[in-house]
Amino acid sequence: MKSHALIPRSASFRPETLGQNALQLIGNLCFSLFVFGVLVFTIIAATYQPEDPLLHPSAKLTSFLTSTSNATFRSDDSAAHTGDDFLSPNSTFDSSAAITLSHINSSTKTSQVAMASAAAVGDEATDSSTSAVCADGPIDCTDTEVFHSMMRAAIEMFRNIHFYRFGKPARGGEDGKSCDMAWRFRPEEAKRAGFYKDYRRFDIIRYANCTYSVVKIGDYHSGINARKKRKTTQGGEFKAKDAADSLSGMVVPVIGEAVNDTLPVVESETKFSSGKYLIYIGGGDRCKSMNHYLWSFLCALGEAQYLNRTLVMDLSICLNSMYSSSNQDEEGKDFRFYFDFEHLRDSASVLDQLQFWEGWSKWQKKDKLRLYLVEDFRITPLKLAEVKDSLIMRKFGTVEPDNYWYRVCEGETESVILRPWNLIWKSRRLMDIVASIASRLNWDYDAVHVVRGEKAKNTQLWPNLASDTSPDALLSGIRNKIDDGRHLYVATDEPDTTYFDPLKERYTTHFLNDFRDLWDENSEWYLETMKLNNGVPVEFDGYMRVEVDTEVSLRAKKHIETFNDLTNDCKDGINTCRTAS
């Protein structure tokens, strides 16, 4: 039997083996750390429930791929946000461009007066000479002295606005003793972007020394002869234009200008047949809230722009029952009652569906126009970018919420399709009512928005709202924020305005119904909307009231809201308040 020699223990630490042993030790240590890390990771993976749905069980994965959280909107009767809400109030403001008395009160009528005259809207320079002899007869509204007197009187009377342009005066009444003049302006402390246009009648007297004085200025929009009608370019001709060209330049609303929202006209077969179109058909969006409608409509408009196609849109709107006096959904409302179609038409490529189908039925077979049908909202716009057919039709089913239009813009599409909010503005006819109310209050008023109605009755969701909006609570809540004696506009859904009578002890109160003449049968709004509606009178419905009420209150110098300012209840019910980040 072969014997083995014993190796002394100290031999492993001999200099010639020390490096090899050190490497072996380090390797063993690293392997131990690796095993420990794997053990820790295994324990975490076995016990932790990750938020990433792709790591969830198959049932949750299916839910993630087919729908969002709940894909529905809360029932909300407030005014929907539109693109003009997101414009910066100061985006159009240049104080140095405002016309002041210093531009007019110049004895030489040279440089500073020229500045004011040059600001006239499309005006030709008026004759600067005045007759040495004052002749009897009608006031010459084109006389420079008359023009300067009218500008001076307007600036002195309306101290809460900045004037930017004065228009050329026109003859007023038949008696020859008045002149009409228009101007563009902004409120002194403007809370919203854009300009306003007013035109008023000036009663003028002429003295023996050939000087003039304004003795009276009429009401808002009383100077009808100074109102210039907007010209319709080519009769509102439809052009299948590139959507990418519609966003060039900064555009802001001008409230008070004449509105031209006629439908674009398809004038030739060539233009129609060369166009590319997108249309949404069916779905569950009909008769939903206005917020829901806009969210879906802007998804369709955004996809049309991404695909560089004309959106074929339905101008007929179903008004949700929450806004109707009958408490029933009401079909047959016109898009133009609520939104600025002129701005949309001039900024994007859209076509009314009735006009489209008329052209399609006329030229589809002859020009071999083809239709591409899409019935699954999960087919993204990215997959449709290469479609060459004339019309892409998205057809939606009957099962909610997967038949909502806005589902197209969810998931991976959300990072590609941007809703073009800048293309949707509020109706300038409604906004003109807002400007009329603010003008009657001389743009110098405060406002409180008091939400009551059904929410005040529902104490489970809003336990404190009724008591926090009682007359005594209101007085207590606003007395330290609004000075006594101020004009106070109360925007509210409370039908009985006598409920707020205690506020009259400290303030001069105003309500929307105080200005009902602005939409009654003798008003400009009534006549224009009736013309849009083929001669049928249009009701000033609940949504219009909410829109005007909200916009008037937002233009106040001080604005107090119910939620956050008057009550600690949450706007959407208990436990729904958003925490500040």
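The first residue of the sequence shown is numbered 1, and numbering continues consecutively from there.
In this structure, Tyr196 and Arg186 approach most closely via the heavy-atom pair CD1-CA, 4.5 Å. Here the shortest heavy-atom pairing between Trp405 and Ser296 reads CB-CB, 3.6 Å. Val408 and Cys299 make their closest contact through CB-SG, 3.9 Å (heavy atoms, listed as atom of the first residue, atom of the second, distance). Here the closest heavy-atom approach between residue Gly284 and residue Glu400 is recorded as O-OE2, 3.8 Å. Across every non-hydrogen atom of Phe563 and Asp569, the tightest pair is CD2-O, 3.2 Å. Pairing each heavy atom of Tyr526 with each of Asp520, the nearest pair is CB-O, 3.0 Å.
Counting only heavy atoms from C-beta outward, the side chains of Asp432 and His221 approach each other to under 4.5 Å. Counting only heavy atoms from C-beta outward, the side chains of Asn260 and Arg345 approach each other to under 4.5 Å. The shortest side-chain heavy-atom distance between Leu566 and Glu561 does not fall under the 4.5 Å cut-off. Put simply, the side chain of Thr310 reaches to within 4.5 Å of the side chain of Tyr277, judged on heavy atoms. You'll find the side chain of Phe396 stays beyond 4.5 Å of the side chain of Ile281, heavy atoms only. For the pair Pro420 and Gln305, the minimum side-chain heavy-atom distance is below 4.5 Å. The closest side-chain heavy-atom distance from Met544 to Trp519 is not below 4.5 Å. Contact of the Phe272 side chain with the Gln364 side chain is not registered, since no non-hydrogen atoms from C-beta on lie closer than 4.5 Å.
For the residue pair Tyr445 / Asn160, no side-chain donor-acceptor distance below 3.5 Å is found, with atom types taken as modelled. Judged by distance alone, the side chains of Arg378 and Thr413 never bring a donor and an acceptor atom under 3.5 Å apart. In this model, a donor atom of one side chain and an acceptor atom of the other lie less than 3.5 Å apart for Tyr489 and Asp549. A donor-acceptor contact under 3.5 angstrom links the side chains of Tyr199 and Arg227, judged on distance only. No side-chain donor from either of Ser324 and Gln328 sits under 3.5 Å from a side-chain acceptor of the other. Remark: the Glu303 side chain and the Tyr280 side chain contain an N/O donor-acceptor pair separated by less than 3.5 Å. A donor and an acceptor atom, one from each side chain of Tyr338 and Asp541, are located under 3.5 Å apart. Between the side chains of Arg286 and Asn320, no donor-acceptor pair is found at a separation under 3.5 Å. With 3.5 Å as the limit, one finds a donor-acceptor pair spanning the side chains of Ser325 and Glu539.
Under a 3.5 Å cut-off, the side chain of Ser439 and the backbone N or O of Tyr220 do not form any donor-acceptor pair. No donor-acceptor pair under 3.5 Å is formed between the side chain of Tyr372 and the backbone N or O of Leu384. Looking only at distances, no side-chain donor or acceptor of Asp565 sits under 3.5 Å from a matching main-chain atom of Thr562. At distances below 3.5 Å, not a single donor-acceptor pair connects side-chain atoms of Lys426 with backbone N or O atoms of Glu547. The closest donor-acceptor contact from the side chain of Asp329 to the backbone of Ser321 lies under 3.5 Å. In terms of modelled atom types and a separation under 3.5 Å, the side chain of His343 and the main chain of Asn422 share a donor-acceptor contact. Of the possible polar contacts, one joining the Lys455 side chain to the Lys571 backbone as a donor-acceptor pair under 3.5 Å is found. Remark: the backbone N or O of Arg452 is paired with a side-chain donor or acceptor of Asp493 at under 3.5 angstrom. Using a distance-only test at 3.5 Å, with no hydrogens or angles considered, no donor-acceptor pair links the side chain of Arg370 to the main chain of Leu391. Side-chain N or O atoms of Trp443 include none that pairs as donor or acceptor with a backbone N or O of Arg555 at under 3.5 Å.
To the nearest 0.5 Å, the span separating CG on Leu418 from CG on Leu301 amounts to 12.0 Å. Taking NZ of Lys276 as the reference point, atom CG of Leu278 lies at 13.0 Å (rounded to 0.5 Å). To the nearest 0.5 Å, the span separating OG on Ser273 from NZ on Lys368 amounts to 13.0 Å. The CG atom of Asp314 lies 10.0 Å from the CZ atom of Phe297; values are rounded to the nearest 0.5 Å. Rounding to the nearest 0.5 angstrom, the gap separating the OH atom in Tyr293 from the CZ atom in Phe335 is 5.0 Å. How far CG of Leu423 is from CG of Leu344: 6.5 Å, rounded to the nearest 0.5 Å.
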Going through the distances and angles, do His449 and Ile560 end up as a side-chain contact (heavy atoms from CB on, under 4.5 Å)?
-> CA-CA 6 Å; His449 184 197; Ile560 297 177; over 6 Å; no
Stepwise side-chain contact (heavy atoms from CB on, under 4.5 Å) check, Leu518 with Arg440 = CA-CA 11 Å; Leu518 296 174; Arg440 291 185 183 183; 3.3 Å; yes
Please walk me through it: do Phe540 and Trp525 pass ring-ring contact (aromatic ring centres under 6.0 Å, His included)?
-> CA-CA 10 Å; Phe540 193 73; Trp525 176 88; 5.4 Å; yes
In sequence, state the C-alpha distance, the side-chain angles, and the governing distance for Ile279 and Trp357, and then conclude on side-chain contact (heavy atoms from CB on, under 4.5 Å).
-> CA-CA 11 Å; Ile279 189 171; Trp357 288 124; 3.8 Å; yes
Are Glu269 and Lys366 close enough, and set up right, to give a salt bridge (Lys or Arg N to Asp or Glu O under 4.0 Å), and what steps lead you there?
-> CA-CA 10 Å; Glu269 174 185 351; Lys366 178 182 177 183; 3.2 Å; yes
Please assess Met322 against Asn327 for the test side-chain contact (heavy atoms from CB on, under 4.5 Å), listing each intermediate value before the final yes or no.
-> CA-CA 6 Å; Met322 72 174 76; Asn327 294 321; over 6 Å; no
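Between Tyr164 and His162, the ring planes lie perpendicular to each other; the angle is over 60°, past the 30° to 60° tilted range. In this pair, Tyr404 and Tyr406 present their aromatic rings tilted. The plane angle is within the 30 to 60° band.
Remark: of the listed residues Glu330, Lys288, Glu331, Glu331 is the sole one forming a side-chain contact (heavy atoms from CB on, under 4.5 Å) with Cys318. Results of the side-chain contact (heavy atoms from CB on, under 4.5 Å) test with Arg336 over Val259, Ile317, Asp261 single out Asp261 as the only residue that passes. Evaluated for a side-chain contact (heavy atoms from CB on, under 4.5 Å) with Val552, the options Val434, Leu512, Ile433 yield exactly one hit, Val434.
More than 12 non-hydrogen atoms from other residues, nucleotides or ligands lie less than 6.0 angstrom from NZ of Lys558.
A salt bridge between Glu551 and Arg192 is present, with a side-chain N of the basic residue lying under 4.0 Å from a carboxylate O of the acidic one. Using a 4.0 Å cut-off between a side-chain N of Lys or Arg and a carboxylate O of Asp or Glu, Arg200 and Asp198 qualify as a salt bridge. The existence of a salt bridge linking Glu410 and Arg407 is confirmed by a sub-4.0 Å separation between a basic side-chain nitrogen and an acidic carboxylate oxygen. Remark: Arg184 engages Glu257 in a salt bridge, criterion side-chain N to carboxylate O under 4.0 Å.
The aromatic ring centres of Phe195 and Phe185 sit 6.0 Å or more apart.
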